[in-house]
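One structure is given below, encoded as C-alpha cells.
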Amino acid sequence: MTPSLSPAPSASGPRRPGRSEGSPAMDRGAWHRKASRPVQWWLLALIVVVLTHQWIPQSRWLMVHMVTLGLITTSIMVWGQHFAEALLKTRLGEESRPWQVRRILLLSAGVLVTILGMLPSWPWVVVLGALMVSAALVWYAISLGSQVTAALAPRFEFTVKAYIAAACLIPVGATLGAVMAFSPGEPWQGRLLLAHQLVNILGFVGVTVTGTLLTLWPTVLRTRIDLQVAKRAANGLLGMLISVLGATAGALLGSTLLGCAFLIAYLASFAWVAITLVRLGLSSARQQHRVPLPLFPILSITSGVAWFTLAVVGLLALWWRSADEQLGTALVAADLQQLTVPFVAGFLLQVLFGAMSYLLPVTMRGGPRSTTAAHAAMSRFAVLRVVTYNLALALLVLAGFTGTGASALFAALSLGTADVASFGSLSRVALSVLAFLVLLSFPVLLVIAIRASIRHRRTDLPMPSGPGTGSGTSLPVGPPAGAVAHSAPTAPGSAPTAAAPAAAAGTTAGPAARDRPEMRPGSMDRRALTSALLGLGTVLGVTALGSALDRAQGSLPPGAELGGHDTGGAPVAPTGRTTTLAVSMAEMRFHPDVLEVPAGDSLVIELRNDDPYDVHDLVLASGVTSGRLQPGASTTVAAGVVSHDLEGWCSIVGHRAMGMVLSVVATGAGATAAGTAPARGGDGVEELARVPLDLRAEPGDGHQVRDARLPAASGPEQRVRFEVTDEAAEIAPGVVMDAMTFNGTVMGPILRSELGARLTVELVNAGAMGHSLDLHAGRVAPDEVMATIPPGDSLEYAITTDHAGIWLYHCATVPMSVHLAAGMAGALIVPPAGLAAVDREYVLVQSEHYLVPAGAPGSEATMHAGALPVSPAKIAAERPDATVFNGHANQYVHAPLEARVGERVRLWVLAAGPSRGISFHVVGGVFDTVFKEGEFLLRPDNETGGGAQALDLAAAQGGFVELVFDEPGTYTAVNHSFVDLERGARALIRVTA
C-alpha cells in the first residue's frame with residue numbers, strides 16, 4: 001500500500017501534558033511497542049543459543065544469522081522507517097502503522113523459515129524463507145522511496161537513499177544463499193558463499209551503517225556538520241555500492257584480480273566517508289560541552305568501525321593470497337571463517353550497542369536532565385567494558401591465525417604473559433565467557449538508565465514534540481547499527497536539535513561546569529587510565545587462569561608450557577644464530593625429511609603444503625605445531641633453540657603410519673635422537689592395549705539404531721549426495737570413535753540400484769582433510785572420479801550398474817585402511833535379474849574398528865572431546881577393538897530384526913573390512929539359498945538336497961543367503977570366526993508365530 005504523508009508538526013513548543021490518549025503521538029508509541037517486539041524475541045533467542053550452542057547443529061551458522069538477519073536487519077527496518085520520517089520532515093498517517101508492523105512480522109517469519117530450512121537441510125524451505133525476507137525488504141525500500149518523493153525540502157535525504165539502495169541488495173544476497181542451500185558443488189559453492197557475504201555484510205550492513213554515521217555521529221558528539229560537507233562525503237556511499245557489486249562479480253567469476261580491485265575501491269570509498277567522521281571527532285574534542293558527552297557510544301561505535309576496517313583489509317589480504325582455482329575452498333571454507341568474529345562480534349554488535357546506548361535515552365520521553373542521566377547510566381564503566389571486550393576479541397582472533405606476525409602481536413597484546421602455544425581450549429572458553437558477560441552488562445545498564453530517567457522526569461523540562469524527538473514514542477528494545485538519531489544534525493545557521501539538549505544554548509561550558517570534578521580533563525584521564533588498566537588486568541588474569549586449567553587438564557600439546565622447546569638431552573648454550581629451512585609436504589612425505597641444524601641455533605621452518613588434495617601439518621616432539629594447512633597454504637614454524645635431535649611428524653590420522661615423519665639433527669651436539677614419542681602414555685597405557693567393550697550394555701541414548709531393511713527400488717536414474725563429515729560416533733555401548741563419515745554415520749547409507757540403471761553420486765567434502773570415493777560396482781577410469789578432493793571441494797561420480805551383487809564403496813584416500821576403519825565404507829545393492837520376491841530383506845555390513853586407548857600416545861589427537869582416535873598401529877598389527885554390524889556392536893541385540901514363522905527371509909551380507917572377512921552364520925537356521933559375488937552357489941530344491949551353514953566372504957566381498965524359520969524364537973546371526981563375534985559381530989532375529 002502507498003502510505004499517506006503529512007507534514008511534521010512544529011517542534012518549537014513543549015509537549016502539553018494534557019494530550020489525550022487518542023493522539024497521534026500515543027498511537028505512534030503503540031506502533032513502536034509492537035514493531036520492536038520481534039527485536040526482543042531475536043535478542044532473547046540469541047542469548048539462549050549462545051548458552052546452548054554446543055548441543056545445537058550448525059550453531060555457528062545459526063548465531064551469525066540470528067545477529068545479521070534476526071537482530072540487525074529487523075532493527076534496521078524498525079528504526080529506518082522511524083528516522084526516515086525525522087530526516088525527511090514527514091510523518092506517515094496513523095492508518096499505515098499496522099501495515100508497517102505486518103512488514104516487520106513478514107521479515108521475522110522469513111528469517112525463521114530460513115533457519116528452519118537450513119538446520120535440517122531442506123533447500124526448498126530455505127527458498128521460501130529467502131522469498132519472504134526479500135519481499136519484506138523490497139516492500140520497505142518502496143515505502144521509503146515514496147516518502148523521499150513526497151518530501152518537500154529534504155536536506156538529509158542521502159541517508160534515506162542509502163537505506164533504499166542497501167535494502168535492494170538483500171534480495172540479491174538472499175538469492176545467493178538460497179542457491180547455496182542446494183549444495184551446487186565447487187567451485188560454485190565457495191564462490192556463492194563469498195558473494196553472499198560480500199552483498200550482505202559489506203553491502204547491506206556496511207552501506208547502511210556508513211550512511212547512518214554521517215548523521216548519527218555528529219549528533220552523538222554534539223557538534224555541527226555542514227550540509228555540503230555531508231553531501232560530499234555521501235558520494236562515498238555510491239562508491240561503496242558500486243564496489244560491492246563489482247567484488248561480487250569477481251567472486252562469482254572466480255577472479256581474484258577483479259574482486260580485489262573492487263575491494264580496494266570499496267576501502268577507498270569508505271575512507272572518503274571516514275575522513276569526515278574523523279574530522280567531526282577532532283572538532284568535538286576541541287569544544288567544551290556543558291554536559292559530558294556519553295562516553296560508551298563514542299568508544300563502542302569507534303571500536304566497531306575499527307574492526308570493520310581491519311576485517312575488510314583482512315578479507316582483501318586473504319583473497320589476494322588465494323589462487324583462482326582455490327577460491328571455493330581455501331579462501332571461503334577455511335580462511336573466511338576467521339573473519340566471522342571480527343565482522344559479527346567486533347563490528348556489528350559494537351556499533352549496534354553503541355548506537356542503542358545513545359538512542360534509547362533519547363526515546364525515553366524525558367527532558368534534558370533525564371536524558372543526560374540515562375546517558376550517564378548507559379556509559380557506566382565504559383572504558384573498562386570497551387577495553388575488556390576488544391582485548392578479549394583480539395586475543396581470540398589472533399589465536400586462530402598462524403605465523404610469526406600473529407604470534408608476535410598476540411604476545412604484545414598480552415604484555416608477554418601468554419603466547420599462542422599456551423592458549424588452549426579452556427583459555428578460549430574463558431575469554432569467550434568474559435566477552436559474553438561484557439555484552440550482558442548492556443541490558444543491566446539499560447534497566448538502570450530507565451530508572452534514572454524516570455527519577456529526573458519530575459524536575460525536568462519536557463522535550464519538544466515532533467518527529468525528531470522521542471516524544472510520544474515507547475521505549476524501543478533495539479535500534480540497529482544503521483539507526484540514526486531522532487533529529488538530523490543541524491547545519492550552520494539552523495536551529496539546534498532536540499537530540500542534543502544540552503548543546504542548544506551554545507557549546508562553551510561555563511565556570512560551574514568546568515569546576516565539576518567529572519569535567520576536569522586530568523581527572524577524566526586518570527579514571528580512563530585506571531579503567532583501561534583494570535580491563536587489561538581482567539583479560540590477562542582470565543587468560544592466565546585458562547592457561548593454568550589447560551595445563552592441569554592436559555589440553556596443551558606436550559612441551560607447550562615450556563615455551564615450545566624440548567628440554568630433553570644435555571643442555572646446549574644458545575648461539576644467537578637462526579637457521580631457516582624450507583620444507584615441502586606432498587605425497588605423504590616431508591621434503592627434505594632430515595633437517596641438519598647446528599646445535600644451539602634457533603630453527604625456523606618455512607613450511608608449505610604442496611599436496612594438491614590432502615591437508616597436512618607438522619608436529620614436533622617438543623610440542624611445537626604448525627596447525628593444519630590446506631593444499632597450497634604455507635606458514636612459518638618457530639621451532640626454538642635446537643639442543644639435541646628431534647622427531648617431527650604429520651598428526652593427520654594415518655599419515656605418520658604412512659611414513660610422513662621428519663628428523664631434526666642437531667649437528668655438533670653429540671646426541672642421539674631424542675624427543676620421540678614414547679611407547680606408553682603419561683599414565684602407562686600401551687598403544688596396542690585393548691579398549692574394553694561392555695557388549696551387554698544398551699547403546700547410548702544418543703545412538704539411533706540403523707534401519708537394516710533393504711531400501712526400495714530406485715528406478716533407472718538415481719542421484720545421491722554424500723557429504724563427508726567428521727563426527728564423534730558411538731560404535732559400541734559407551735565407546736565413541738573419532739569418525740570420518742559419509743552423511744554423518746559410521747558405515748554410509750545403504751544404496752540400491754537396478755541392473756542397467758544410472759547412479760550419480762555427488763561427493764562433498766566437509767571434513768578436515770582430503771577424501772575420495774571408490775564405487776566397486778562401476779567400470780570407470782579412476783583418475784578423475786576417484787581423485788582425492790580437499791576440504792570444501794566436491795565432485796560427481798557416475799556409473800552404470802551393469803552387474804548384480806552387493807558392492808562395497810569406500811574412501812580411496814591413503815591410508816585407505818585408516819579411512820575405512822574410521823567409518824568411510826558402505827554397501828550398494830544391485831539385485832540379480834529375475835530375483836524372486838521374499839517376505840523380508842535385511843542388510844548387514846560388517847566392519848572392524850581400531851582405537852587408541854585413552855591415555856596412550858596419540859589419544860590427545862582426538863577431534864572431539866571424549867572420542868578415541870583411530871589407531872594406525874593397531875591396524876598394522878591387525879588387532880581390532882570392535883567388529884560390528886552396520887556401524888554399532890550391539891544395536892540389533894537390544895533392537896532385534898523381526899520375522900514370522902514360515903516367512904522367507906533374505907540377508908544381504910558384506911565384509912567391508914578394512915582387513916577382515918566374515919563367516920556368516922545364523923544359529924538355529926539353515927540356508928537353502930546362497931548367492932556370492934554375482935552367482936548362485938545354492939538354490940532351493942536342489943537335486944542333492946544340500947543346504948549351507950555359512951557364507952564365507954573375504955574383505956570387500958558380498959552376497960546373500962535365504963532361509964525360512966520353522967519355529968518361533970530368538971535366533972542369532974553371527975560371524976562364526978568367534979573372536980569377531982566376541983568383539984560385537986552379532987545380531988538377533990526375533991521370530992514370532
Side-chain angles (χ1 to χ4, degrees), residues 2-11 75-93 96 100 103 137-170 203-220 224-242 244 269-270 272-274 276-277 280 355 359 466-469 479-500:
T2 302
S4 61
L5 295 167
S6 61
S10 171
S75 297
I76 285 176
M77 182 176 287
V78 172
W79 290 93
Q81 173 59 55
H82 177 83
F83 299 133
E85 296 180 38
L87 292 170
L88 298 174
K89 302 298 183 182
T90 60
R91 172 172 291 183
L92 296 184
S96 68
Q100 295 169 26
R103 185 170 66 212
L137 267 297
V138 170
W139 184 2
Y140 166 73
I142 293 173
S143 176
L144 294 184
S146 66
Q147 294 173 62
V148 172
T149 303
L152 298 178
R155 296 184 304 159
F156 293 94
E157 77 278 5
F158 53 80
T159 294
V160 182
K161 290 180 179 178
Y163 289 165
I164 296 171
C168 291
L169 292 176
I170 281 292
F204 174 63
V205 178
V207 172
T208 300
V209 168
T210 307
T212 293
L213 289 178
L214 278 175
T215 50
L216 175 62
W217 188 238
T219 308
V220 173
R224 297 174 184 270
I225 181 172
D226 184 80
L227 181 59
Q228 296 305 316
V229 171
K231 288 184 176 180
R232 284 197 300 270
N235 292 331
L237 300 176
L238 179 60
M240 293 171 68
L241 282 166
I242 295 174
V244 164
S269 300
F270 177 74
W272 179 260
V273 182
T276 299
L277 302 179
L280 290 170
L359 294 169
T469 71
V484 297
H486 288 263
S487 291
T490 56
S494 62
T497 64

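Source: prediction; values computed, not measured.
Ala141 and Ala167 get closest at one heavy-atom pair: CB-CB, 4.1 Å. When every heavy atom of Ala162 is checked against every heavy atom of Leu237, the shortest pair comes out as CB-CD1, 3.8 Å. Scanning both residues, Trp272 and Ala233, for their nearest heavy atoms gives CD1-O, 3.5 Å.
Taking NZ of Lys161 as the reference point, atom CG of Leu238 lies at 11.0 Å (rounded to 0.5 Å). The CG atom of Leu214 lies 13.0 Å from the NZ atom of Lys231; values are rounded to the nearest 0.5 Å. Taken from OG1 in Thr210 to CG in Leu277, the straight-line distance is 8.0 Å, to the nearest 0.5 Å. Between the OG1 atom of Thr219 and the CZ atom of Arg224 there is a distance of 11.5 Å, given to the nearest 0.5 Å. In this structure, the separation between CD1 on Ile164 and CG on Leu169 is 12.5 Å, given to the nearest 0.5 Å.
Looking only at side-chain heavy atoms (C-beta outward), Val160 and Gln147 stay at 4.5 Å or farther from each other. Using a 4.5 Å heavy-atom threshold, the side chains of Thr159 and Leu216 count as separate. Using a 4.5 Å cut-off on side-chain heavy atoms (C-beta onward), Val273 and Leu213 make no contact. By the 4.5 Å heavy-atom criterion applied to side chains, Ile225 and Thr276 are counted as neighbours.
A search for ring pair (Phe, Tyr, Trp, His ring centres under 6.0 Å) contacts involving Phe204 returns nothing, not counting sequence neighbours.
No side-chain donor-acceptor contact under 3.5 Å links Ser143 to the backbone of Tyr140.
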- Query: Taking it one step at a time, do Tyr163 and Thr212 satisfy side chain to side chain contact (heavy atoms under 4.5 Å, CB included)?
  - Reply: CA-CA 9 Å; Tyr163 289 165; Thr212 293; 2.9 Å; yes

